[in-house]
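Below: one structure, written as structure tokens.
Each residue takes its place number in the sequence, starting with 1.
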Amino acid sequence: MAVEGGMKCVKFLLYVLLLAFCAFAVGLITVGIGAQLVLNQTITPGATPGSLLPVVIIAVGAFLFLVAFVGCCGACKENYCLMITFAIFLSLIMLVEVAAAIAGYVFRDKVISEFNKDFRQQMQNYPQNNHTASILDSMQEDFKCCGAANYTDWEKILIVTKRVPDSCCVNVTQGCGINFNVKDIHTEGCVEKIGGWLRSKVLVVAAAALGIAFVEVLGIVFACCLVKSIRSGYEVM
């Protein structure tokens, strides 16, 4: 039995929310993949709170897309079981997103600590490993920074007096880091600059997760209203 009256409006609004959920899901997957790529370049892979967060975001995005599909099928067919399943799974996703948002906020400083440790470790490998040198050079150029805390960190790595990587220079040219003038290089450390950038991104993701959770509450409410209407229809029959 098809829903009638006000439930038709609820059903329409639920379709709109389901479309929004699909968009959110794609957005979460994109953000998760982007965060994973950034962390792979700045933090040594491992099972740490900071490195696991993008995996959780991607998993939640994929699951949300699947749940939105189930909800769409349930609303279209006005199937009681599918709508109950949709409401339950959407509630679980909402709880996971809230937990992920809280974890992202709590562990934001942990991410910076891991980055500081790994950046200094990669600096030690700079003279011997071309791949590591390329990554560090890219970070120093992109973020206009030099060393971990500041440019003097390179004195312990590059034994030559007054020598920093060319990527530290304001205008990068071959050999510009040899016998440099301080005014010609970036003196600020990369940990603070990149760390601040990472921290801001974590906060943006956490805020977005909480925003999506609010919309999901509406989805749960509409789904429950539709379930009640479908159930009433079954009882009348």
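- Contact of the Leu17 side chain with the Leu218 side chain is registered, since non-hydrogen atoms from C-beta on lie closer than 4.5 Å.
- Using a distance-only test at 3.5 Å, with no hydrogens or angles considered, no donor-acceptor pair links the side chain of Lys144 to the main chain of His186.
- In plain terms, the two heavy atoms of Phe86 and Gly219 that are nearest each other are CE2-O, 4.1 Å.
- Of the inter-residue distances, the one linking Leu226 atom CG with Asn79 atom CG reads 10.5 Å to the nearest 0.5 angstrom.
- Cluster annotation: Val26 is not connected to Val16 through the hydrophobic network of ILVMFWY side chains, with a link wherever side-chain heavy atoms come within less than 4.5 Å.
- For Glu141, the CD atom sits in a packed shell: over 12 heavy atoms of surrounding residues, nucleotides or ligands are nearer than 6.0 Å.
- Within a 6.0 Å sphere centred on CD of Gln128, heavy atoms belonging to other residues, nucleotides or ligands number more than 12.
- For Glu216 against Leu64, the heavy-atom pair with the smallest separation is OE2-CD1, 3.7 Å.
- Across all non-hydrogen atoms, the minimal contact from Leu90 to Phe21 is CD2-CE1, 3.8 Å.
- Among all heavy-atom pairs drawn from Trp154 and Leu136, the shortest one is CH2-CD1, 4.1 Å.
- For the atom pair NE2 (His131) and CD (Gln122), the distance works out to 8.5 Å, reported to the nearest 0.5 Å.
- The closest side-chain heavy-atom distance from Val170 to Ile185 is not below 4.5 Å.
- Looking at every heavy atom in both residues, Leu14 comes nearest to Ala75 through CD2-CB, 4.2 Å.
- Note on Leu95: it does not cluster hydrophobically with Phe63, by side-chain heavy-atom contacts below 4.5 Å among ILVMFWY residues.
- No continuous path of hydrophobic side-chain contacts links Tyr15 to Leu19 [ILVMFWY only; heavy atoms under 4.5 Å].
- Linking ILVMFWY residues whenever their side-chain heavy atoms come closer than 4.5 Å, directly or via other members, leaves Val172 and Phe180 in distinct clusters.
- The minimum heavy-atom distance between Cys168 and Gln140, with the atom names listed, is SG-NE2, 3.4 Å.
- A distance-only check finds no donor-acceptor pair linking the side chain of Ser138 to the backbone of Ser134 [under 3.5 Å].
- No donor-acceptor pair under 3.5 Å is formed between the side chain of Asn150 and the backbone N or O of Gly189.
- Residues Val191 and Asn116 meet the side-chain proximity criterion, which asks for heavy atoms closer than 4.5 Å.
- In this structure, the side chains of Cys190 and Phe143 stay at 4.5 Å or more apart for every pair of heavy atoms.
- In this structure, CG in Leu18 is found 11.5 Å from NZ in Lys11, a value given to the nearest 0.5 Å.
- Judged by distance alone, with hydrogens and angles left aside, the side-chain atoms of Asp153 form a donor-acceptor pair with the main-chain N or O of Ala148 at under 3.5 Å.
- Side chain of Lys193 to backbone of Glu188: no donor-acceptor contact under 3.5 angstrom is found.
- Under a cut-off of 6.0 angstrom, the local environment of CZ in Phe65 is sparse, with at most 12 non-hydrogen atoms contributed by other residues, nucleotides or ligands.
- To the nearest 0.5 Å, atoms CD1 (Ile194) and CZ (Phe115) are separated by 4.0 Å.
- By the 6.0 Å contact criterion, CZ on Phe69 is open, its count of non-hydrogen atoms from other residues, nucleotides or ligands being 12 or less.
- No donor-acceptor pair under 3.5 Å is formed between the side chain of Asn181 and the backbone N or O of Lys183.
- Thr85 places a side-chain N or O within 3.5 Å of a backbone atom of Cys81 that can act as its donor or acceptor partner.
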